[in-house]
Amino acid sequence: MLGKIDISVFWSVLDYDAIEWLPVKTAILIYNPNCGINLMYQFFLDACAALRLRFYPKTHYRYNPLIFVTVLLALGLLNMANMSQILGRQTGITIFVIVLTVVRWGVLSMAMEIILGYYNKQPGHWYGYVLATEVLILPTLATLYWPQVLAAPGSLWLLWTLVVQIFGFVRISQQNIFKVFLGYIIYFLITCLAGGILLLLFSAMGWVDINSMSDAFQQMLKAQSAGTGMR
C-alpha cells in the first residue's frame, strides 16, 4: 500500500523556469499559490532595490507573464484615475488608457533596446526592468484621496522614480546619459504617434467620443480658472 504523498516535495523540486509552455506555467502558478506569491515578492524586492539605486543585469528582471499582466493592469487603472478629469468618464476611456499604458511600456522597452543595444549589445531585454521601475509610481494613488496634503510629495516621488529609471538604464547598459535621453526622445515621439492612432481607432469604433473628451477637458480648465480667480 502506498503511503501518503507529500505534495510539498513536488513543489520543492519543480523547476518552474525550465517549463517553456505558457499554459502549463499558468496552470502551475494558479494551482500553487506559494509559487505566485514568491514570484510577486521577488518582483517587489527588485522594485525596492531599484528605488535604492541597486540594479542587476537585464537577465535578472525575468518575470512570469501573470506578473506583467497584473502590474500593467494596475498601472493602467492608476493612469485612468489620474486622467479621468481630462478624458472624462466614458466606458471606452478605461480600455483606451490601459492599452496606452501597455503600449508605453512596450515602446520604452523597445526604444532602449534599439538605442542602448546598438552601442553595447547585452543579453536579455528591458521589459522586466521597465516594469519594475514603472510600478514605483503606484504609491501616488494616495494623492487622489489627499490631494491638498500629498500633491507636493507626490510630485517629488514621481520625479525620483524617473531619476531611478534613468540611472538604472545608465548603470545597466554602461552607456552615457545622453544615449539614454535619445532613447526617451524616440519613446516620446513613437508614444505620441501611437496614442493618436489608438484614439482615432477607438473613436472610429465608437468606443470613445472625442467631443465628450474635449468637453471634459474644457470643464476642468474652467474649474481650475474659477479656483484661482482667473478669467
Side-chain angles (χ1 to χ4, degrees), residues 7-8 10-83 94-113 116-117 122-142 144 157-158 160-169 171-173 183 187 191 194 198:
I7 194 66
S8 63
F10 170 76
W11 296 121
S12 65
V13 300
L14 177 66
D15 188 358
Y16 182 81
D17 291 331
I19 301 174
E20 297 182 356
W21 196 34
L22 180 59
V24 175
K25 296 184 74 168
T26 304
I28 292 174
L29 187 65
I30 294 173
Y31 183 74
N32 178 19
N34 291 331
C35 183
I37 292 173
N38 290 336
L39 290 173
M40 186 62 75
Y41 177 68
Q42 182 60 50
F43 172 77
F44 281 110
L45 283 181
D46 293 341
C48 291
L51 198 61
R52 304 192 308 272
L53 301 182
R54 296 180 59 185
F55 305 102
Y56 307 97
K58 286 191 296 183
T59 53
H60 174 85
Y61 300 96
R62 295 175 55 199
Y63 306 114
N64 185 272
L66 234 57
I67 292 180
F68 282 91
V69 172
T70 302
V71 174
L72 288 172
L73 180 61
L75 291 173
L77 294 176
L78 175 63
N79 291 333
M80 176 58 206
N82 288 325
M83 300 172 66
T94 302
I95 302 175
F96 169 75
V97 173
I98 292 175
V99 172
L100 185 60
T101 299
V102 176
V103 169
R104 289 177 56 248
W105 160 75
V107 169
L108 179 58
S109 303
M110 288 188 293
M112 292 303 176
E113 190 69 36
L116 301 179
Q122 295 176 328
H125 302 282
W126 288 109
Y127 298 105
Y129 169 75
V130 172
L131 191 75
T133 50
E134 287 289 320
V135 78
L136 295 175
I137 71 171
L138 286 182
T140 60
L141 178 66
L144 298 176
W157 179 267
L158 287 175
W160 177 244
T161 59
L162 179 60
V163 170
V164 166
Q165 189 177 71
I166 294 173
F167 193 70
F169 280 130
R171 285 279 301 275
I172 297 172
S173 68
Y187 152 74
T191 300
L198 275 175

>> Can you list everything that forms a ring pair (Phe, Tyr, Trp, His ring centres under 6.0 Å) with Y56? Sequence neighbours excluded, please.
In response: H60
> How close do W160 and L53 get, heavy atom to heavy atom, and via which atoms?
Replying inline: CH2-CD1, 4.0 Å
>> Any heavy-atom pair between the side chains of T133 and F169 that's under 4.5 Å?
In response: no
> Among all residues two or more places apart in sequence or in another chain, which pass the side-chain hydrogen bond (donor to acceptor under 3.5 Å, both in side chains) test with Y63?
Replying inline: D46
> How many angstroms lie between atom CG of L73 and atom CG of L78, to the nearest 0.5 angstrom?
Replying inline: 11.5 Å
>> If the condition is ring pair (Phe, Tyr, Trp, His ring centres under 6.0 Å), which residues does W105 pass it with, not counting sequence neighbours?
In response: F68, Y127
> Can L116 and I172 be said to form a side chain to side chain contact (heavy atoms under 4.5 Å, CB included), step by step?
Replying inline: CA-CA 10 Å; L116 301 179; I172 297 172; over 6 Å; no
> Can you name the nearest heavy-atom pair linking P139 to L136, along with the distance?
Replying inline: CD-O, 3.1 Å
> Are the side chains of L131 and V135 in touch, meaning some heavy atoms are under 4.5 Å apart?
Replying inline: no
> Which atom names give the shortest non-hydrogen contact between G183 and A111, and what distance separates them?
Replying inline: O-CB, 3.7 Å
>> Please report the interatomic distance OG1(T70) to CZ(F43), rounded to the nearest 0.5 Å.
In response: 9.5 Å
> Under the salt bridge (charged side-chain N to carboxylate O under 4.0 Å, His left out) test, which residues partner E113, sequence neighbours left out?
Replying inline: K58, K121
> Looking only at heavy atoms, which two atoms of N64 and L66 are closest? And how far apart?
Replying inline: OD1-N, 2.8 Å
> side chain to side chain contact (heavy atoms under 4.5 Å, CB included) with L45: which residues, sequence neighbours excluded?
Replying inline: Y41, Q42
>> If I compare all heavy atoms of A132 with all of A47, which pair ends up nearest, and what's the gap?
In response: O-CB, 3.4 Å
> How would you list, by chain and number, every residue that makes a ring pair (Phe, Tyr, Trp, His ring centres under 6.0 Å) with Y61, sequence neighbours excluded?
Replying inline: Y129
>> Going by side-chain hydrogen bond (donor to acceptor under 3.5 Å, both in side chains), name the residues that satisfy it together with E134, two or more places apart in sequence or in a different chain.
In response: Q165
For residues 97-104, please give each side-chain donor-acceptor pair under 3.5 Å, one per line with the distance, not counting sequence neighbours.
unit_1 : atom_1 : unit_2 : atom_2 : d
T101   : OG1    : N79    : ND2    : 3.0
T101   : OG1    : V97    : O      : 2.8
R104   : NE     : Y187   : OH     : 3.2
R104   : NH2    : Y187   : OH     : 3.3

>> Taking side chain to side chain contact (heavy atoms under 4.5 Å, CB included) as the definition, give me every residue that meets it alongside L144, ordered by chain and number, with sequence neighbours left out.
In response: A81, N82, L141
